[in-house]
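Each remark here refers to the structure printed beneath this line.
So you know, we letter chains A, B, ... as the sequences are listed, proteins then strands, and number each from 1.
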Amino acid sequence: MIHPVDTILSLVLLSVLFSYGSSRVPGLIKLLAFQGIVVSVVPFFIGHDMSAGGIIFTFVTLLIRGIIIPASIYLAIKKVAIDREVEPVIGYQASLLFGLGLIVAATYISSQLNIPNISEFLLIIPAAIALLVTGMFLLIARRNAIAMVIGYIMMENGIYLVGTTFSVQARHIVEFGILLDVLAGVMIMAIIFQNIKKTFDDVDTALLRTLKE
Amino acid sequence: MVEIIFLAPFITGVLAFFLPRAVGRQLLVGTGAIHLFLSLLLWKNRSLPVFDHFFAVTPEGLLSLLVISLLFFLISIYTMGYLKESDLKSENIFTGSMLLFLSTMTMVTLSDHIMVMWIAIEATTLASAPLIYTHRSSASLEATWKYVIICSVGIAMALLGTVLITLSMDIGNVESALSFSALTQVAKALDPMWLKAGFVFILVGYGTKMGLAPMHTWLPDAHSEAPSPASALLSGVLLNCAYLGIFKTNKIMYAAGLGDFSGTILIVFGLMSILAAATFILKQNEYKRMLAYSSIENMGIIAFGTGIGGLAAYGAVICMIHHSLIKSSLFLSSGNILLGYGDRMIKNTGEMARLMPKTFKAFFAGFAGISGFPPFGIFIGELFIIVGAFKTGHYVVVTIFILSLCVIFAGLANQVMKISFNDLKGGRNDEQASDKQILIKEKASLVWPQYILLLTSLVLCFFIPDTLYQTIIDAVTAIGGGIK
């Protein structure tokens, strides 16, 4: 029987494929919001903690990952960007092909690993690996500064999925700390790319190439 | 109440954002003094933290804490003079971020919980980013962007590593607190495969922050673009803080009987960093970047020594302490050079021995110290590492190690000679040469901090107080080091 968690995670895998082909920043932000919501509700479905604290924590995570972070990036681009093209270093078709290969590879790897807590859920490990690698990919293969930040948060989403599902111990305080850290990090990045925009009148990171050996 | 040590600078740091600039400067020195006093008190009493799930006073943490305190106090005195000479637009952001930076770094040294450690290290990135952007130029913007992105991705890797370590607990069916000290006790029961994977990710993550090659690319930019007091802090203590994360994970690995595995990886990364520094230092034309590459070299030496273990691990800790003292003094001197010549390129400097004799003495002595000359402490540290490596039979790697040190010494010496003795542009006999005046006077607050730092290194070379010696031994015994 297919577990509901696997159903929503299959949508995450689809969204990952979308992000390889997406050429516009607003589209990427929507994907990010969707992924943020899914990764924050998955532990709830798995049934790790149904306590009151657990429920509140899930909602706070959802609020931060699914709404506040994407919204703050969206506001930042509203303020600064005229050019919202992600400016690929690697073309979209090649990226999509890479994404497909990645999902196949991630599924294969997940069948090799044996992690008792989540052995009944087929898609958690593939989804986590796909989010992680896609985040990395966006960081490397897109020259737009905002796309890079989105890549970073996508990576964090993947790690969060690993962290909340692999391990049974509830560590709410600490996970909350991580959330706040990521949030602060995103704020700082938003300030920096507003400054990049002000200084260079663009957010293309190719302009940031003067400091190198 | 150990937590007061990082709460105090946090509060004053937040205050400094809102206070006028003159008050901010005094707040900096005042907080530095209080911090130094509190950490000396902690050395004496070793009191227990209130939140003992999250924080603990460990020997390696105490060592780093004392280094941070001493450095920050001296750097804050220097900063008073530096801020008077240079004209910063938003000085209260600078002082506030310095204090927050101090607070987060102190938190790293005291944290015992693996996630709190992670949060604290990420917080150091966020607190120091505004420092690098202080000058508001496009180059400093680029350096800040690089720093935040590369370090955040690195730290994300470390988070993944941390999660994998908790996974190794689950698979090994271990019930324990998530703190370094608790995990070290139950290390034998942890699942070795996931523990190894966790260590690799943590090493890559914190190694990025520590400046190990090939993840070091942010470091020369950030160190050269930040104002000199901030560079001194970045190089002198931030790198140690990241090293602390690796050190503590290595402790778990050693307790789990996987010391050989982690040691080999540390040796490889260490050697790579030393080699990378050697290649880039030779043709460096900016003195602050040159110092930054020298930091990469020293972090490589520390990782190398830790990886070899035994006597070399003791040497690595010695190197860590003395590198902080000497490198921060060098960065402060480089601040004087920058203020004096108004230029960061080596070719536009010269005749420092005549024009700025006091800075010259500090800079040259620092250069001798960082290259491993006696009577400065790095000499002893490197000697221990080399002897330790020969004793354990690492002949090939130690040969590469010694050769690269020679190359780096040659590169550094070449540049330092140019800065100190070369004729200034325009020639000596030319009338213009005497026109080229130094832009600042060498006031006491701009040179004494360097002298004190170097003097401390000198004294520690000949005489180590018993408590300090015992603390170093306690720290390195946990990773199989010691003086035998």
Side-chain angles (χ1 to χ4, degrees), chain A residues 113-118 128 132 135-136 139-140 145 148-149 151-169 171 173-189 191-193 195-200 203 205 207-213, chain B residues 53-54 113-116 118-123 125-127 129-130 133 136-153 155-157 159-160 162-171 173 175-178 194 217-218 220-222 224-225 279-280 283-284 289 293:
Chain A
L113 299 177
N114 180 25
I115 298 166
N117 295 331
I118 51 166
L132 257 168
M136 276 287 213
L139 269 165
I140 297 163
M148 289 173 80
V149 176
Y152 167 69
I153 301 164
M154 214 175 266
M155 244 178 92
E156 287 275 357
N157 279 342
I159 294 172
Y160 188 81
L161 189 61
V162 175
T164 47
T165 53
F166 278 23
S167 170
V168 268
Q169 280 142 329
R171 315 183 293 276
I173 306 168
V174 171
E175 275 163 1
F176 199 62
I178 297 173
L179 276 182
L180 288 182
D181 250 8
V182 172
L183 193 64
V186 170
M187 296 302 172
I188 295 240
M189 287 179 195
I191 295 169
I192 297 175
F193 65 58
N195 281 311
I196 294 178
K197 172 73 184 158
K198 239 190 285 171
T199 315
F200 297 106
V203 284
T205 49
L207 294 167
L208 300 177
R209 291 284 155 80
T210 49
L211 292 176
K212 61 177 179 187
E213 304 300 332
Chain B
H53 287 298
F54 301 129
H113 194 282
I114 50 177
M115 295 309 302
V116 173
W118 182 86
I119 292 168
I121 292 185
E122 169 73 1
T125 311
L126 302 177
Y133 188 49
R136 311 267 161 131
S137 63
S138 59
S140 67
L141 181 62
E142 178 182 343
T144 317
W145 175 251
K146 240 178 162 178
Y147 174 61
V148 172
I149 284 282
I150 295 179
C151 285
S152 298
V153 172
I155 291 283
M157 289 286 129
L159 176 59
L160 188 62
T162 310
V163 168
L164 293 182
I165 287 185
T166 64
L167 183 64
S168 80
M169 278 171 72
D170 281 352
I171 292 186
N173 279 323
E175 279 295 322
S176 132
L178 266 177
W194 289 105
T217 45
W218 62 272
D221 299 338
S224 63
E225 293 301 328
T279 17
F280 285 114
K283 53 179 183 130
Q284 203 41 250
R289 289 181 83 87
Y293 278 110

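The distance from the CD1 atom of A:Ile191 to the OG1 atom of B:Thr144 is 11.5 Å, given to the nearest 0.5 Å.
Contact annotation: the side chain of B:Ile149 approaches that of A:Met189 to within less than 4.5 Å [non-hydrogen atoms, C-beta and beyond]. Two residues are said to be in side-chain contact when any heavy atoms from C-beta on lie closer than 4.5 Å; B:Leu159 and A:Glu156 meet this criterion. Using a 4.5 Å cut-off on side-chain heavy atoms (C-beta onward), A:Val182 and B:Glu122 make no contact.
In terms of the salt bridge (Lys or Arg N to Asp or Glu O under 4.0 Å) criterion, residue partners of B:Glu225 (sequence neighbours excluded) are, by chain and number, B:Arg344. Not counting sequence neighbours, A:Tyr152 has no partner by the ring pair (Phe, Tyr, Trp, His ring centres under 6.0 Å) test.
Using a 4.5 Å cut-off between heavy atoms, A:Leu139 contacts chain B through its side chain alone, with no backbone atom that close. For B:Ile171, the part sitting under 4.5 Å from any heavy atom of chain A is the side chain, from C-beta outward, and nothing else. Within the 4.5 angstrom heavy-atom criterion, only side-chain atoms of A:Leu113, from C-beta onward, approach chain B.
Ranked by heavy-atom pairs under 4.5 Å with chain B, the list A:Gly158, A:Ala145, A:Gly151 is led by A:Ala145. Put simply, of B:Ala129, B:Ala143, B:Ser138, B:Ser152, the one with the most heavy-atom pairs under 4.5 Å next to chain A is B:Ser152. Annotation: maximal heavy-atom pairing with chain B below 4.5 Å, among A:Val149, A:Ile159, A:Ile188, occurs at A:Ile159.
Here the shortest heavy-atom pairing between A:Gly163 and B:Val163 reads CA-CG1, 3.7 Å. Closest approach of A:Ile192 to B:Leu141, counting heavy atoms only: CG2-CD1, 3.9 Å. Closest of all the heavy-atom pairs between B:Leu126 and A:Gly185 is CD2-CA, 3.6 Å.
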Item to complete: Please report the C-alpha distance between B:Arg136 and A:Asn195 in whole Å, then the side-chain angles of each, then the deciding distance to 0.1 Å, and finally whether the side chain to side chain contact (heavy atoms under 4.5 Å, CB included) criterion is met.
Response: CA-CA 9 Å; B:Arg136 311 267 161 131; A:Asn195 281 311; over 6 Å; no
